[in-house]
Amino acid sequence: MAKTEKIKYVCRECGAIHDKWHGKCKECSSWDTLEEQVEFVASGATKKPVAGSLNNALKLSDFDVSKLHRERFISDIPEFDRVMGGGIVKGSVALISGEPGIGKSTLLLQICQALSHLKVLYVSGEESAMQIKMRAQRLGVNSENLFILCENELEKIEANVNSIAPDLLIVDSIQTVSSSLIPSSSGSITQVRDCSGVLINLTKKGGFATVLVGHVNKDGAIAGPKLLEHMVDVVLYFEGDRSDSCRVIRAIKNRYGSTNEIGLFEMCDKGLVEVPDPSKRLLEDSPQNVPGSCPVCLMEGTRPIIAEVQALAAKSPFQAPKRSSSGVDFNRMNMLLAVLEKRLGLRFFDKDVYLNVIGGLRLDETAADMGIAAALISCVKDIPLSGSVIAIGEIGLSGECRTVGSIDLRINEAVRLGFDVIIIPYRTRLKYEPEGVKLIRVKSVFELLTALADFK
Ligand code: TYD
Ligand code: MG
């Protein structure tokens with residue numbers, strides 16, 4: 001059948017398809033990201049009836065998923081297994097991404113060792129076999145079942161997978177894999193998408209599991225088509241501040257588990273070490289008797305984690321004061337500043353305000369509101385909270401303090417870590433009153449301010 005050529009323009013950032021070239025992608029507004037892609041379309045193709053029985057659909061009750069879900073590879077690195085929803089599911093494809101040098105390759109090599117009872121094929125398109133060997137020696141990786149392949153070509157990777165028949169395939173990274181059969185340059189959006197498609201099909205057919213490493217672009221999103229995130233079963237982000245040894249692995253998507261879970265690691269000279277007591281680690285270096293910081297308690301999945309939020313407000317030399325937040329949603333910060341300004345008369349409009357959460361954690365929960373507000377109040381009123389006070393609760397636009405879920409778990413964690421004073425919303429219902437701590441119930445930000453003033 002005759003084939004005609006059709007040219008399309010695909011955005012490297014978001015994967016949107018355009019008929020014409022534009023300087024700016026109409027979907028994601030990125031500049032100079034459209035790439036030409038040639039597609040061959042069969043002309044004169046007509047719809048043919050499908051031969052054979054059409055009745056391929058099965059009843060939902062006929063599927064036995066219990067068996068599939070039981071087939072997980074448990075790595076004995078509990079922090080990793082937790083974010084995977086209890087281990088890597090056989091037949092699944094996971095994508096792990098993060099900034100260069102954050103520790104993706106290190107973590108995966110350690111996982112190879114933790115799964116040494118399984119046959120693992122580690123494909124690297126970035127490092128030489130010698131480099132991998134040296135890193136493996138440093139990490140104490142000596143699994144007899146670990147196969148290393150330094151290769152970029154998709155067809156050769158496929159051939160190796162077919163001959164070795166691994167239980168787990170690791171591809172570090174998907175951006176380095178290319179196929180000569182795809183008419184597009186190596187690392188391009190088409191190559192990444194099509195090579196991922198082939199590897200995903202291979203995984204599903206072969207019944208093994210695959211972990212792909214993905215690069216991130218300058219904004220921190222996974223480089224390549226957004227489509228890649230839709231194609232895989234699990235998407236993990238490996239985050240952290242490179243100046244700090246703390247690393248957080250977070251599930252963004254998980255078809256086999258919760259996306260609320262995080263895993264905490266610390267990078268040391270022998271690779272990544274799990275942090276079994278995250279709250280303790282995150283509070284370790286808390287400054288004593290310094291105003292502007294307050295601990296908050298987050299629920300990461302089923303686990304409460306106490307992290308410290310720091311605030312700094314200083315008179316601005318600029319007409320439009322600077323606002324900066326790291327780990328706190330920017331809009332939430334502005335809302336809390338507006339509430340404190342309006343309801344308590346605190347002056348922020350002429351101050352630069354900085355918020356920071358220690359350890360690279362993100363405060364996505366509204367339960368952190370009272371802690372953030374307490375840190376801001378502590379800063380402007382010069383009240384050091386000395387690491388003995390914790391505030392848990394949500395703040396509404398009228399300045400009211402609202403109760404939050406899992407409060408008993410959060411309070412237990414605060415008690416375990418030795419906090420003396422716990423500030424909670426007035427209406428909070430507790431299953432039992434904790435012993436040995438002072439509970440302060442507050443109705444509004446005004447009462448929060450009054451409670452904090454006692455610490456001066
Ligand atoms: P790497 O796993 O290569 O990062 P990625 O694959 O995400 O690019 O991690 C490299 C960094 O980790 C490097 O800066 C050195 C540091 N590192 C340690 O601190 N200790 C170790 O044992 C190893 C192997 C790496
Ligand atoms: Mg790497």
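First listed ligand is number 1; within each ligand, the first listed atom is number 1.
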**Asked** When you look at Glu229 and Lys253, which way does the salt bridge (charged side-chain N to carboxylate O under 4.0 Å, His left out) test go after all the steps?
**Response** CA-CA 8 Å; Glu229 290 189 38; Lys253 165 184 174 179; over 6 Å; no

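Ser116 places no side-chain N or O within donor-acceptor distance of the main-chain N or O of Ser143, the cut-off being under 3.5 Å. Without hydrogens or angle criteria, Asp369 side chain to Gly393 main chain gives no donor-acceptor distance under 3.5 Å. The closest donor-acceptor contact from the side chain of Ser279 to the backbone of Ile306 lies under 3.5 Å.
A donor-acceptor pair shorter than 3.5 Å cannot be found between the side chains of Glu35 and Thr190. Side-chain contact, Arg135 with Ser105: no donor N or O sits under 3.5 Å from an acceptor N or O.
When distances to the Mg ion (ligand 2) are checked against a cut-off of 2.8 Å, Thr106 contributes no N, O or S atom below that limit.
A heavy-atom cutoff of 4.0 Å around ligand 1 is satisfied by the protein residues Glu99, Pro100, Gly101, Ile102, Gly103, Lys104, Ser105, Thr106, Arg135, Arg138, Leu139, Met267, Cys268, Asp269, Lys270, Gly271.
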